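All figures in this text were calculated on a predicted structure; none of them were measured in a lab. Computed over heavy atoms, backbone and side chain alike; hydrogens, waters and symmetry mates excluded.
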Amino acid sequence: MRVAEERRHILRDAPHRHGASVGLLLAKPPVLTPDEERWAEALATQRIHGESGPAFIAERIGALALEGDEAGVARWKEIAQRFDQLGRGTLQ
């Protein structure tokens, strides 16, 4: 699933999982820098997948590589770096 599809999936399912209204979710999303987005994605991966996070990230990178999605691979490699930093407790 490409990044845009993942976002649509998250936005579609979030109200059901978290009890939020769709209007609030879609009204005015916060503006994040690309760096902030990667940190948020690393934190979400850590929260959702915990110790299985590295395996999940490796699967995403592999699937995107097979699809030829170089931008997706680069994005998930950036997420992987931040995920690793979160696990070590080092932020740079």
What's the separation between atom CD in Q81 and atom CD1 in I57, rounded to the nearest 0.5 Å?
10.5 Å
Quick check for you: to the nearest 0.5 Å, what is the distance between I79 atom CD1 and E41 atom CD?
4.0 Å
Could you tell me how the ring of H49 sits relative to the ring of F56: parallel (under 30°), tilted (30 to 60°) or perpendicular (over 60°)?
parallel
Looking at E78 and R75, is there a salt bridge between them, counting it only when a charged N and a carboxylate O are closer than 4.0 Å?
no
Would you mind reporting whether D35 and R82 have side-chain heavy atoms less than 4.5 Å apart?
yes
Report yes if the side chains of T45 and W76 come closer than 4.5 Å at any heavy-atom pair, otherwise no.
yes
Residues two or more places apart in sequence or in another chain: which of them pass side-chain contact (heavy atoms from CB on, under 4.5 Å) with Q46?
L43, F83, L86
